[in-house]
Trainee: 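Take this structure, written in structure tokens, and hold onto it; I'll ask about it next.
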Amino acid sequence: MSKMSSACVFISAELTRGYFLEHNEAKYTERRERVYTCMRIPKELEKLMFFGIFLCLDAFLYIFTLLPLRVFLAMFRFITLPCYGLRDRRLLQPAQVCDMLKGVILVICYFMMHYVDYSMMYHLIRGQSVIKLYIIYNMLEVADRLFSSFGQDILDALYWTATEPKERKRAHIGVIPHFFMAVLYVFLHAILIMVQATTLNVAFNSHNKSLLTIMMSNNFVEIKGSVFKKFEKNNLFQMSNSDIKERFTNYVLLLIVCLRNMEQFSWNPDHLWVLFPDVCMVVASEIAVDIVKHAFITKFNDITADVYSEYRASLAFDLVSSRQKNAYTDYSDSVSRRMGFIPLPLAVLLIRVVTSSIKVQGVLAYLCVVLFYCG
């Protein structure tokens, strides 16, 4: 009887037991703020991504629009120099020398890419097993990051070697070896990106889409390697810049895949709607992974969502500083150093793919190209 009474007392106590959350107000307020922070992350992150992607796009389009005009002006100055005399000890200004070097590297690598057979590479990759292609794609991603981190150093070394004051005694190799190193780097990096685009193209054209699914699941593995690490604000800024560069590069790779597929189907617009769901799936997985990754990184490291506004301000400051007359570096090079995005190899590959996929014939076609360039 006493046991029954004790049980009734225990059940009654459990059913009527009260507690007061206000006794630990600070802890619960902090938990609520974390929830609000996680809810704000998608909006703030995408605002940063949107701004950063347009910075990359601006630097990328610079290669096709303003750089040719700057190279033309530098060549015009070099050709007409005897008419004006040597008022300055320099034949060309440092910025003009760098523009000429970029233009020459772009042209040389473009002609070198003609010796790379895209069709043979496609069939070679298509003949591999799914697991082998998955491993290859992961290796290509790592190699792309290594190339990007070292490539800008190679280009900067070339620019400084070509423009440094000649009074200084050179204790290093000359301009020509640096130039060949830069050409080799841009060419190899362009081939690397071409292999990435080809692997993605094979994944799109596979019947069961198993390779595409595995490649997308690889993005979610990135969450495991990031969210449980200690991050400071500077580390998070570097990772955000890397994510911006990665997302922009993926957009260009998807554009290349669509161009190659549309060419194979004689530019039938119906085939574009066949590719559209897969393209949306790849883009959506990238966005979802970035949002989840940044949300939990900020949660575990007590970083507020306002930090992404600071990151945008920092990128905007780089943009404004590089546009000044007394800027220390070109704008596209500034973006390259900040985000690890080097537009030259990607531009070489896109020019190669566009010129091989789209045939320009007739006066009207050339007029469309001119209007497209002006636009």
Side-chain angles (χ1 to χ4, degrees), residues 53-54 56-58 60-65 67-68 106-107 109-128 133 137 140 189-213 215-216 246-287 343-375:
I53 286 173
F54 270 94
C56 291
L57 180 63
D58 189 21
F60 187 59
L61 293 180
Y62 171 85
I63 300 296
F64 304 98
T65 53
L67 181 62
L106 197 66
V107 172
C109 291
Y110 168 71
F111 285 107
M112 290 173 66
M113 288 295 292
H114 279 284
Y115 294 96
V116 181
D117 192 345
Y118 186 91
S119 300
M120 184 186 69
M121 183 183 297
Y122 177 83
H123 292 291
L124 181 65
I125 293 176
R126 190 175 184 179
Q128 307 301 320
L133 287 179
Y137 193 78
L140 291 174
H189 200 174
I191 292 179
L192 176 69
I193 302 173
M194 176 181 278
V195 177
Q196 279 185 297
T198 307
T199 308
L200 190 61
N201 197 6
V202 170
F204 268 70
N205 294 330
S206 59
H207 296 292
N208 54 4
K209 306 292 182 182
S210 58
L211 178 59
L212 186 61
T213 305
M215 290 167 61
M216 288 172 55
E246 181 182 358
R247 193 181 291 190
F248 180 79
T249 304
N250 287 336
Y251 290 163
V252 178
L253 292 180
L254 290 173
L255 174 62
I256 293 173
V257 169
C258 291
L259 287 174
R260 297 299 300 180
N261 276 276
M262 293 297 290
E263 181 201 5
Q264 295 299 322
F265 287 87
S266 302
W267 297 96
N268 184 5
D270 294 335
H271 185 66
L272 184 62
W273 296 108
V274 177
L275 297 173
F276 188 71
D278 294 334
V279 172
C280 292
M281 191 165 54
V282 172
V283 173
S285 68
E286 283 283 339
I287 295 175
L344 279 177
L346 202 58
V348 169
L349 177 60
L350 189 61
I351 294 173
R352 170 73 173 84
V353 171
V354 170
T355 53
S356 62
S357 301
I358 302 175
K359 304 302 180 183
V360 180
Q361 297 176 347
V363 179
L364 184 60
Y366 283 102
L367 180 61
C368 291
V369 171
V370 173
L371 292 175
F372 181 76
Y373 173 79
C374 294

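For the numbers below, each heavy atom of this structure counts, side chains included, while hydrogens, waters and symmetry mates do not.
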Trainee: For Leu67 and Ile63, which heavy atoms make the closest approach, and how far apart are they?
Mentor: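 Looks like CB-O, 3.7 Å.
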
Trainee: Side-chain contact, heavy-atom cut-off 4.5 Å: Phe265 with Asp270?
Mentor: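 Contact flag for Phe265/Asp270 side chains = no.
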
Trainee: Once salt bridge (charged side-chain N to carboxylate O under 4.0 Å, His left out) is applied, do any residues pair with Arg260, and if so which ones, sequence neighbours excluded?
Mentor: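 Here the qualifying residues are Glu263.
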
Trainee: State, yes or no, whether a side-chain contact exists between Leu349 and Tyr118 at a heavy-atom distance under 4.5 Å.
Mentor: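 No, side chains not in contact.
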
Trainee: Would you confirm whether Tyr137, through its side chain, and Gln196, through its main-chain N or O, come within 3.5 Å as a donor-acceptor pair?
Mentor: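 Here the side-chain-to-backbone pair does not exist.
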
Trainee: Taking atom OH of Tyr366 as the centre, does the number of heavy atoms from other residues, nucleotides or ligands within less than 6.0 Å exceed 12?
Mentor: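 Check fails, neighbour count at 12 or below.
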
Trainee: Quick check: closest heavy atoms across Tyr122 and Thr198, and the distance to 0.1 Å?
Mentor: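 Of all heavy-atom pairs spanning Tyr122 and Thr198, the closest is CA-CG2, 3.5 Å.
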
Trainee: Please report the shortest heavy-atom distance between Arg352 and Met113, naming the atom on each side.
Mentor: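 For Arg352 versus Met113, the nearest heavy atoms are NE-O, 3.1 Å.
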
Trainee: I need the Thr249 OG1 to Ile193 CD1 distance, nearest 0.5 Å.
Mentor: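 One finds 6.5 Å between OG1 of Thr249 and CD1 of Ile193.
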
Trainee: With rounding to the nearest 0.5 Å, note down the distance linking CG in Leu259 to CD1 in Ile358.
Mentor: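 Reported to 0.5 Å precision, the distance equals 5.5 Å.
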
Trainee: With sequence neighbours excluded, what pairs up with Tyr115 under the side-chain contact (heavy atoms from CB on, under 4.5 Å) test?
Mentor: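 In terms of side-chain contact (heavy atoms from CB on, under 4.5 Å), with neighbours along the sequence ignored, Tyr115 is linked to no residue.
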
Trainee: For Val353, does its backbone N or O pair with a side-chain atom of Ser356 as donor and acceptor, under 3.5 Å?
Mentor: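 Pair found, side chain donor or acceptor close to backbone of Val353.
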
Trainee: List the atom of Leu253, the atom of Ala197, and the distance in Å for their closest heavy-atom pair.
Mentor: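 So the minimum-distance heavy-atom pair works out to CD2-CB, 3.8 Å.
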
Trainee: How many angstroms lie between atom CG of Leu254 and atom SG of Cys258, to the nearest 0.5 angstrom?
Mentor: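 Going from the CG atom of Leu254 to the SG atom of Cys258 covers 6.5 Å.
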
Trainee: More than 12 heavy atoms of other residues, nucleotides or ligands under 6.0 Å from CZ of Phe111: is that the case?
Mentor: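 Result for CZ/Phe111: open.
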
Trainee: Determine the minimum heavy-atom distance between Ser285 and Val282, stating which atoms define it.
Mentor: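 Heavy atoms only, the tightest pair is OG-O, 2.7 Å.
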
Trainee: Without swapping roles, check the side chain of Asn250 against the backbone of Glu246 for a donor-acceptor pair under 3.5 Å.
Mentor: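 Checked: pair present.
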
Trainee: Less than 4.5 Å apart, side chain to side chain, heavy atoms only: is that true for Phe276 and Cys280?
Mentor: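 Yes, close enough: below the 4.5 Å cut-off.
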
Trainee: Can you tell if the side chain of Tyr251 reaches within under 4.5 Å of the side chain of Ile53, non-hydrogen atoms only?
Mentor: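 In contact.
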
Trainee: Say you draw a straight line from OG of Ser119 to CD of Gln264; how long is it, rounded to the nearest 0.5 Å?
Mentor: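 That separation rounds to 6.5 Å.
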
Trainee: To the nearest 0.5 Å, how far apart are CZ in Phe60 and CG in Leu344?
Mentor: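 Phe60 CZ to Leu344 CG: 10.0 Å, rounded to 0.5 Å.
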
Trainee: Under the side chain to side chain contact (heavy atoms under 4.5 Å, CB included) criterion, do Val274 and Asn261 qualify, and how do the steps go?
Mentor: CA-CA 10 Å; Val274 177; Asn261 276 276; over 6 Å; no

Trainee: Are Asn201 and Arg126 packed together at the side-chain level, in the sense that at least one heavy-atom pair is separated by less than 4.5 angstrom?
Mentor: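 No, their side chains stay 4.5 Å or more apart.
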
Trainee: When rounded to the nearest 0.5 angstrom, what distance separates CE in Met262 from CG in Leu275?
Mentor: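 Output value for this atom pair is 7.5 Å.
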
Trainee: Begin with the C-alpha distance, continue with both residues' side-chain angles, and end with the deciding distance and a verdict on side chain to side chain contact (heavy atoms under 4.5 Å, CB included) for Ile256 and Met194.
Mentor: CA-CA 9 Å; Ile256 293 173; Met194 176 181 278; over 6 Å; no

